[in-house]
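Atoms within each ligand, like the ligands themselves, are counted from 1 in listed order.
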Amino acid sequence: MTSHALLVTGGGGVGKTTLSAALAVAAARNGRRTLVVTIDPARRLATALGAADLGAEPMPHPDEANLWAAMVDATASWRAIAHRHAPSDVADRLVDNPFFEAAAQHFPASQSYASAEEMAGYLEARVWDLVVVDTPPAAGGIEFFSAPAEMRDLVGGRLLRWLTGGSLPGRRVLFNLTARPALRVAGSVLGSDLLERVAEFLMDLRTTYDGLARRAVQIEGHFRRARTVVVTTSDPAPLREAARFFRELPDVATGTTAVVFNRVLPSGWYSPTAPSDGPVVENLQRWGAEAHRQSEAREEFAARWKTRVATVPWQPHPPTDIDSLADLIEQSEDLPLERLGVVS
Ligand SMILES: Nc1ncnc2c1ncn2[C@@H]1O[C@H](COP(=O)(O)OP(=O)(O)O)[C@@H](O)[C@H]1O
Ligand SMILES: [Mg+2]
């Protein structure tokens, strides 16, 4: 069986997690074995997906056949990554280093890289027809796609080489000679013990380079084969993020991409000839004007990037149970569900 990836990207707060879940529910109800890999779901959404305490191990949904869910925990993923790519004694030391968790959790590319490695593993397991991946919020938008290259450059890059010297770890000598004077000053401020832990962390991290570099290439292959949904709202900041996707990732932004405008107001709310009197009429006019502005933003985006756009309506209540998630896709317009692999 071939597993397809469906990547859901876009700026912060546009509805990526919600739409990932909704697309996954729709695919499962169409008989496709579907795994949704979510990040940071609101508690009620996690509950709707069948587990309040989701982990990296995919869990079958208790009431929805064909639906599985998993949640990426960057620290846990990085523990596995360290063990996959470093000798086991080095991996143990790396994982125990006080900087390990901070780097895994707070460095945006490391969170994205962790999700990307998890995605690759799920795809290669060939258990699911469709793997829907909600991209991490920390990286915001398209950084998810550059994370493997960024991680590879960081771990194998000049900064680490300069700090750790030409030869690979194993030795306990800290840093190279040029770096040492600057680091001695830092050491007197931070305490040399702390500095030693940083040095050890960086040197140990370098041993993962070969494995990580090879894996990054495979992950980039998965990205190129994936179908992508770019989620936006009609507002300027998310639209700029969506445009970056087309501008900066022309190889990923191919025919397999759909742009979804979320939280859309019905265009029927706009009428250029409404009467103008009283607060209710005023309210209708404002929302009418907003609906009109939204539809103009969609047309402009579609023309500028020569792409079709789909819409998902603004719901009065945030969709947090499985039926309301399915409704979201039912009420959408122009979503190319077949092309995205949601319908077979
Ligand atoms: N179509 C919609 N109508 C109403 N509320 C929505 C819709 N899509 C998303 N939301 C709400 O918007 C908020 C942000 O959505 P979320 O999926 O968490 O965004 P992201 O993952 O991109 O940060 C959530 O409270 C969610 O319930
Ligand atoms: Mg989210």
Trainee: What protein atoms of element N, O or S are positioned under 2.8 Å from the Mg ion (ligand 2)?
Mentor: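 Hits for the Mg ion (ligand 2) below 2.8 Å: T17 OG1.
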Trainee: Kindly write out the residues that satisfy ring-ring contact (aromatic ring centres under 6.0 Å, His included) with Y270, not counting sequence neighbours, or none if the list is empty.
Mentor: H292
Trainee: N/O of L328 under 3.5 Å from N/O of ligand 1, yes or no?
Mentor: no
Trainee: When you measure from the side chain of N262 to the backbone N and O of V14, does any donor-acceptor pair fall under 3.5 Å?
Mentor: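 Such a contact is found between N262 side chain and V14 backbone.
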Trainee: What protein heavy atom lies closest to atom 17 (O) of ligand 1? Include the residue and the distance to one decimal.
Mentor: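 In this structure, atom 17 (O) of ligand 1 has T18 OG1, 2.6 Å as its nearest protein heavy atom.
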Trainee: Give a yes/no on ligand 1: does P313 have at least one heavy atom closer than 4.0 angstrom to it?
Mentor: yes
Trainee: Nearest protein heavy atom to atom 14 (C) of ligand 1, by residue and atom, and its distance?
Mentor: G13 O, 3.8 Å
Trainee: Which residues pass the salt bridge (charged side-chain N to carboxylate O under 4.0 Å, His left out) test with R79, sequence neighbours left out?
Mentor: none
Trainee: Hey, is the main chain of V8 close enough, under 3.5 Å, to the side chain of T135 for a donor-acceptor pair?
Mentor: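 Checking the backbone N and O of V8 against the side chain of T135, a donor-acceptor pair under 3.5 Å is found.
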Trainee: So, is P318 polar-close to ligand 1, with some N/O to N/O distance under 3.5 Å?
Mentor: no
Trainee: Return yes if some donor-acceptor pair links the side-chain N/O of R298 with the main-chain N/O of S234 below 3.5 Å, else return no.
Mentor: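 Such a contact is absent between R298 side chain and S234 backbone.
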Trainee: Regarding ligand 1, does W314 bring an N or O atom to under 3.5 Å of one of the ligand's N or O atoms?
Mentor: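 Checking ligand 1 against W314, no N or O pair falls under 3.5 Å apart.
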Trainee: Could you pull out the closest heavy-atom pair between A74 and A104, with the gap in Å?
Mentor: CB-O, 3.6 Å
Trainee: Does G12, backbone or side chain, put an N or O under 3.5 Å from an N or O of ligand 1?
Mentor: no
Trainee: Between W68 and T34, does the side chain to side chain contact (heavy atoms under 4.5 Å, CB included) criterion hold? Intermediate values first, please.
Mentor: CA-CA 6 Å; W68 281 255; T34 305; over 6 Å; no
Trainee: Protein heavy atom under 4.0 angstrom of atom 23 (O) of ligand 1, is there one?
Mentor: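 Yes, because at least one protein heavy atom sits under 4.0 Å from atom 23 (O) of ligand 1.
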Trainee: Return yes if some donor-acceptor pair links the side-chain N/O of R227 with the main-chain N/O of H4 below 3.5 Å, else return no.
Mentor: no
Trainee: Is it the case that the side chain of S115 and the backbone of Q111 share a donor-acceptor pair, with hydrogens and angles ignored and the cut-off at 3.5 Å?
Mentor: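 Answer holds: yes.
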Trainee: I'd like the name of whichever of T233, N262, V260 reaches closest to atom 1 (N) of ligand 1 through any heavy atom.
Mentor: N262
Trainee: Looking only at non-hydrogen atoms, which of Q315, R263, Q331 approaches atom 11 (C) of ligand 1 most closely?
Mentor: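 The residue whose heavy atom sits nearest atom 11 (C) of ligand 1 is R263.
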Trainee: Look at atom 21 (O) of ligand 1 and say which protein heavy atom is nearest, naming residue and atom and giving the distance to 0.1 Å.
Mentor: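 Checked against all protein heavy atoms, atom 21 (O) of ligand 1 sits closest to T17 OG1, 2.7 Å.
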Trainee: For the residue pair E118 and S77, confirm or rule out a side-chain donor-acceptor distance under 3.5 Å.
Mentor: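 Distance-only check passes for E118 and S77.
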Trainee: How far is atom 20 (P) of ligand 1 from its nearest protein heavy atom, and which residue and atom is that?
Mentor: K16 N, 3.5 Å
Trainee: Can you tell me the protein heavy atom closest to atom 19 (O) of ligand 1 and the distance?
Mentor: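 Residue, atom and distance for the closest contact: G15 N, 3.0 Å.
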Trainee: Check the side chains of Q105 and T75 for a donor-acceptor pair under 3.5 angstrom, ignoring hydrogens and angles.
Mentor: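 Short answer, yes.
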Trainee: Linking Ile, Leu, Val, Met, Phe, Trp and Tyr by side-chain heavy atoms under 4.5 Å, what else ends up with W269?
Mentor: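 Hydrophobic cluster check, W269: joined to L265, W287, W314.
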